[in-house]
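The structure appears right after this line, and notes come after that.
The chains referred to below are lettered A, B, ... by the order of the sequence lines, with proteins before strands, and numbering in each begins at 1.
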Amino acid sequence: MSRIVRTAADIIYPFILIFGLYVVAHGHLTPGGGFQGGAVIATGGALVIVAYSYVEVREWLSGKVLMGQEVIGLVGFIGVALLALAFGQVFFFNYLNASGSLFGIPVPYGINAGELNTGGFVPLMNFSVGCEVWGGLTLVILYMLSGLEKEGC
Amino acid sequence: MKKMIVLLVSLLILSAFLGVMALTFTFGAPKMTDMDDYFLRFGQEQTGTNNQCTSVTFDFRGFDTLGESTVLFCAVIGVALIFRKMQAGEEHENE
């Protein structure tokens, strides 16, 4: 597309990325989570693919990297859930909650200020799902917009 | 004429359905609240998340999210299969 659209996409894209990562990272405190944050980041990818042509974007975005990101997300999700068995608990037990270690600050019942270092394994789950949705949706958009030619838009 | 009858009957059924709903249930007083109350009362202490939606989707009902992730993975694989590059000599069937 025109130079104006490309410049605007260049400026906006980092902010979309930061906002999406914020939604993923604060999934256990504010509305949002892994799926929503990953979808926000994927819209940034869609913006770049539409602003530039598919041929140009293909040099920066590798399908293999995105697919690897997706696989890492899904395997990480299952792995985090399976780690509960190593702690002698059942599958999907929140073993990190109130343990005092990573993400382990106990949360009292009721209204509280919200601490980023809480939530047990929920932030880890959010990160892995966000990683998966980021890779997966960007890959879908990349495949679906593969017909965009350099001259056509 | 036939269309009018069909429209009338479907309108009647819909209004009867909604009327029964409106007469039977009272707004703000759901019938089954045991599980909601449990999530709201113990969710913060048991999962450590202030956002109860996330605590339900990722902790209490983690299996659902696992299936959701798998569905997304399969969808991406299907899209990749449909939009793949055609090999030499390979063609779409209905072209």
Side-chain angles (χ1 to χ4, degrees), chain A residues 26-35 38 63 66-67 70-71 73-74 77-78 80-81 91-94 96-99 103-115 117-126 128-129 132-133 135-147, chain B residues 25 27-95:
Chain A
H26 288 75
H28 55 296
L29 297 176
T30 56
F35 277 96
L66 290 171
M67 193 52 125
E70 200 191 354
V71 170
L74 187 55
F77 186 82
I78 299 172
V80 169
F91 193 48
F92 270 108
F93 183 80
N94 198 341
L96 281 175
N97 180 36
S99 64
F103 298 124
I105 295 178
V107 174
Y109 170 66
I111 299 168
N112 56 58
E115 170 72 35
N117 198 13
T118 58
F121 73 178
V122 175
L124 298 175
M125 292 285 200
N126 269 322
S128 49
V129 169
E132 192 205 340
V133 175
L137 287 187
T138 311
L139 203 60
V140 166
I141 294 164
L142 195 68
Y143 280 128
M144 286 196 165
L145 295 181
S146 62
Chain B
F25 299 109
F27 185 76
K31 294 235 163 181
M32 310 288 264
T33 58
D34 295 355
M35 189 161 277
D36 313 350
D37 291 342
Y38 183 84
F39 286 155
L40 290 175
R41 175 62 187 85
F42 296 103
Q44 271 177 310
E45 287 158 10
Q46 288 185 352
T47 68
T49 57
N50 280 341
N51 184 358
Q52 287 306 302
C53 295
T54 307
S55 85
V56 170
T57 51
F58 283 100
D59 195 309
F60 288 119
R61 293 181 180 164
F63 270 116
D64 281 358
T65 312
L66 179 61
E68 216 171 326
S69 305
T70 316
V71 165
L72 181 74
F73 189 78
C74 296
V76 171
I77 288 176
V79 169
L81 190 67
I82 291 172
F83 284 90
R84 73 191 187 279
K85 273 190 190 129
M86 291 289 138
Q87 304 290 327
E90 190 184 2
E91 284 180 356
H92 286 295
E93 280 182 14
N94 298 323
E95 265 189 39

Can you say whether [X] sits under 4.5 Å from chain B via the side chain, the backbone, both, or neither, judging by heavy atoms?
| X | value |
| --- | --- |
| A:Asn94 | both |
| A:Pro108 | backbone |
| A:Phe93 | neither |
| A:Phe77 | side chain |
| A:Ser128 | neither |

Do [X] and [Y] come close enough that some side-chain heavy atom pair is under 4.5 Å?
| X | Y | answer |
| --- | --- | --- |
| B:Gln44 | A:Ile111 | no |
| B:Phe83 | A:Val140 | no |
| B:Thr49 | A:Leu29 | no |
| B:Asp59 | A:Phe92 | no |
| B:Phe73 | A:Val71 | yes |

Between [X] and [Y], which heavy-atom pair has the shortest distance, and what is it?
| X | Y | value |
| --- | --- | --- |
| A:Tyr109 | B:Leu40 | CE1-O, 3.4 Å |
| B:Asn51 | A:Gly32 | ND2-O, 3.8 Å |
| B:Val76 | A:Leu139 | CG1-CD2, 3.6 Å |
| B:Thr70 | A:Leu74 | N-CD1, 4.3 Å |

**Request:** Counting only heavy atoms closer than 4.5 Å, note whether B:Gln46 contacts chain A via side chain, backbone, both or neither.
**Result:** backbone
**Prompt:** B:Thr57 versus chain A, heavy atoms under 4.5 Å apart: side chain, backbone, both or neither?
**Reply:**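 Contact with chain A is absent: no heavy atom of B:Thr57 under 4.5 Å.
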Can you tell me how far apart [atom1] ([X]) and [atom2] ([Y]) are? Round to the nearest 0.5 Å.
| X | Y | atom1 | atom2 | answer |
| --- | --- | --- | --- | --- |
| B:Glu68 | A:Glu132 | CD | CD | 10.0 Å |
| A:Leu137 | B:Leu72 | CG | CG | 5.5 Å |
| A:Met125 | B:Ser69 | CE | OG | 9.0 Å |

**Prompt:** Is a side-chain N or O of B:Thr54 found less than 3.5 angstrom from the main chain of A:Gly33, in a donor-acceptor match?
**Reply:** no
**Request:** Assess the pair A:Phe91 and B:Phe63: is the distance between their ring centroids shorter than 6.0 Å?
**Result:** yes
**Message:** So, using salt bridge (charged side-chain N to carboxylate O under 4.0 Å, His left out) as the criterion, who are the partners of B:Glu45 when residues are at least two apart?
**Reply:** B:Arg41
**Item:** For chain B, the option from A:Thr118, A:Asn126, A:Ile78, A:Val133 that forms the most heavy-atom pairs under 4.5 Å
**Value:** A:Asn126
**Complete:** By side-chain contact (heavy atoms from CB on, under 4.5 Å), B:Met35 pairs with (sequence neighbours left out) B:Phe39, B:Arg61
